[in-house]
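One-based numbering, in listed order, for ligands and for the atoms of each.
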Amino acid sequence: MSAYVIGLTGGIGSGKSAASDFLSTKGIDIIDADIVAREVVAPGSECLLAIKNRFGDDVMMADGGLDRKALRDIVFSDEQQKQWLNQLLHPAIRTRILQQLEASRSAYVVLAAPLLLENGLDQYCDRVLVIDIPESLQVARTVKRDNSEPQQVEAIMAAQLNRSQRLQKADDVVVNDGDLDNLHQQLNQLDKNYRLAANRSG
Ligand SMILES: CC(C)(COP(=O)(O)OP(=O)(O)OC[C@H]1O[C@@H](n2cnc3c(N)ncnc32)[C@H](O)[C@@H]1O)[C@@H](O)C(=O)NCCC(=O)NCCS
Ligand SMILES: Nc1ncnc2c1ncn2[C@@H]1O[C@H](COP(=O)(O)OP(=O)(O)OP(=O)(O)O)[C@@H](O)[C@H]1O
């Protein structure tokens with residue numbers, strides 16, 4: 001039996017992790033593409049070696065791990081380098097995601113990915129749930145969370161679908177411009193719908 005898959009997406013800082021964390025407390029398996037993206041560049045991995053060969057010690061930490069901030073500064077100010085990194089990592093990320101989807105046994109499974117629609121990962125999903133917030137709030141929350149520069153957050157947003165393109169592809173939308181309680185209330189209703197839909201399809 002294959003799992004009923006909810007693709008959860010939204011731009012940087014929209015609240016994907018906040019939404020996933022809540023659904024996880026309800027016993028739903030979460031596959032998070034940002035976490036998978038970290039696993040594929042773990043020390044000793046082929047991907048990390050390829051990154052080191054291209055960018056040198058500037059992107060390496062003393063302990064042999066990837067210096068993520070250094071690589072972020074490079075790829076979000078140089079389109080060609082970003083494309084190279086995407087071409088290296090996205091196939092590896094997709095393979096691991098498919099393995100984890102196959103292994104999931106919860107009532108339904110959430111695939112949370114910032115680039116779900118950009119990379120066609122929605123082909124593996126039964127429904128697409130978009131976390132929607134105004135762009136100004138995306139910048140404000142991300143700057144506060146990461147202590148980063150607004151310009152860099154805007155550069156990352158420019159590498160993603162814009163708000164209206166994303167909304168066009170949504171089956172369900174959660175508007176995350178209120179407090180966390182409000183987010184959770186909306187997700188509670190969707191969780192009920194998804195359990196019913198998964199039962200019907202299984
Ligand atoms: C450049 C890297 C090392 C920066 O690491 P850092 O820890 O600073 O950021 P993190 O990985 O947590 O990403 C933060 C957010 O940036 C956005 N983002 C990350 N990579 C990309 C990308 N290639 N294109 C567009 N947006 C991206 C996402 O909204 C993501 O949630 C890292 O983002 C990376 O390896 N990116 C390439 C892999 C990728 O595309 N990941 C996205 C999930 S598929
Ligand atoms: N409803 C909310 N009210 C206040 N703060 C929120 C709310 N939702 C999320 N946040 C905060 O906003 C920031 C961004 O949220 P989160 O990390 O969940 O976004 P994300 O979509 O997973 O981001 P990324 O694409 O960068 O991984 C976090 O610091 C989070 O705690």
Original post:
Under 4.5 Å between any side-chain heavy atoms of V40 and H90, yes or no?
Top reply: no
Original post:
Non-hydrogen atoms of K69 versus ligand 1: any pair closer than 4.0 Å?
Top reply: no
Original post:
Any idea which atoms of ligand 1 are less than 4.0 Å away from a heavy-atom of L89?
Top reply: 35 (O), 37 (C), 38 (C)
**OP:** Determine, for D29 against R105, whether the closest basic-nitrogen to carboxylate-oxygen distance falls under 4.0 angstrom.
**Re:** no
Subject >> Residues in the immediate environment of ligand 2 (any heavy atom closer than 4.0 angstrom) >> reply: G11, I12, G13, S14, G15, K16, S17, A18, D34, R141, R145, N176, G178, D179, L180
**OP:** Look at atom 15 (C) of ligand 1 and find which of I74, L66, T9, I12 reaches it with the closest heavy atom.
**Re:** I12
**OP:** Any chance you could lay out the side chain to side chain donor-acceptor pair (under 3.5 Å) test for Q185 and Q189, step after step, and finish with the verdict?
**Re:** CA-CA 7 Å; Q185 272 174 32; Q189 186 56 52; over 6 Å; no
**OP:** Could you list which atoms of ligand 1 come closer than 4.0 Å to a heavy atom of N86?
**Re:** 23 (N), 40 (O)
Subject >> Note: R38-D34 ion pair, threshold 4.0 Å (strictly below) >> reply: no
Subject >> Non-hydrogen atoms of P114 and Q160 that approach each other most closely >> reply: CB-NE2, 4.3 Å
Original post:
Judged by non-hydrogen atoms, does E118 sit under 4.0 Å from ligand 1?
Top reply: no
**OP:** Could you list the atoms of ligand 1 found under 4.0 angstrom from a heavy atom of H90?
**Re:** 39 (C), 40 (O)
Original post:
Among protein heavy atoms, which sits nearest to atom 36 (N) of ligand 1, and what does the distance come to when rounded to 0.1 Å?
Top reply: L85 CD2, 4.1 Å
Original post:
For G65 and P43, which heavy atoms make the closest approach, and how far apart are they?
Top reply: CA-CG, 4.3 Å
Original post:
Are the side chain of D122 and the backbone N or O of C125 linked by a donor-acceptor pair below 3.5 Å?
Top reply: no
**OP:** Identify, for atom 31 (O) of ligand 1, the protein heavy atom at the shortest distance, and state residue, atom and that distance.
**Re:** D34 OD2, 2.7 Å
Original post:
Is the closest side-chain heavy-atom distance between L129 and Y194 below 4.5 Å?
Top reply: yes
Subject >> Under 3.5 Å donor-acceptor, K52 side chain and V59 backbone >> reply: no
Original post:
With respect to atom 33 (O) of ligand 1, which of Q160, R68, R72, K16 exhibits the smallest heavy-atom separation?
Top reply: R68
Original post:
How far is atom 41 (N) of ligand 1 from its nearest protein heavy atom, and which residue and atom is that?
Top reply: A37 CB, 4.0 Å
**OP:** Would you mind reporting whether V139 and E135 have side-chain heavy atoms less than 4.5 Å apart?
**Re:** no
Subject >> Test item: S104 side-chain N/O and L101 main-chain N/O as donor-acceptor pair under 3.5 Å >> reply: no
**OP:** Report the nearest protein non-hydrogen atom to atom 24 (N) of ligand 1: residue, atom name, distance rounded to 0.1 Å.
**Re:** L115 CD1, 3.7 Å
Original post:
Tell me, which protein residue and heavy-atom name are nearest atom 27 (C) of ligand 1, and how many Å apart are they?
Top reply: F76 CZ, 3.6 Å
**OP:** Any chance you could lay out the side-chain contact (heavy atoms from CB on, under 4.5 Å) test for S201 and D126, step after step, and finish with the verdict?
**Re:** CA-CA 10 Å; S201 82; D126 293 280; 5.7 Å; no
Subject >> Numbered atoms and elements of ligand 1 in range of I156, under 4.0 angstrom, heavy atoms >> reply: 16 (O), 17 (C), 26 (N)
Original post:
What about R38: any of its N or O atoms under 3.5 Å from an N or O on ligand 1?
Top reply: yes
Original post:
Is a donor on one side and an acceptor on the other found under 3.5 Å between the side chain of D171 and the backbone of V128?
Top reply: yes
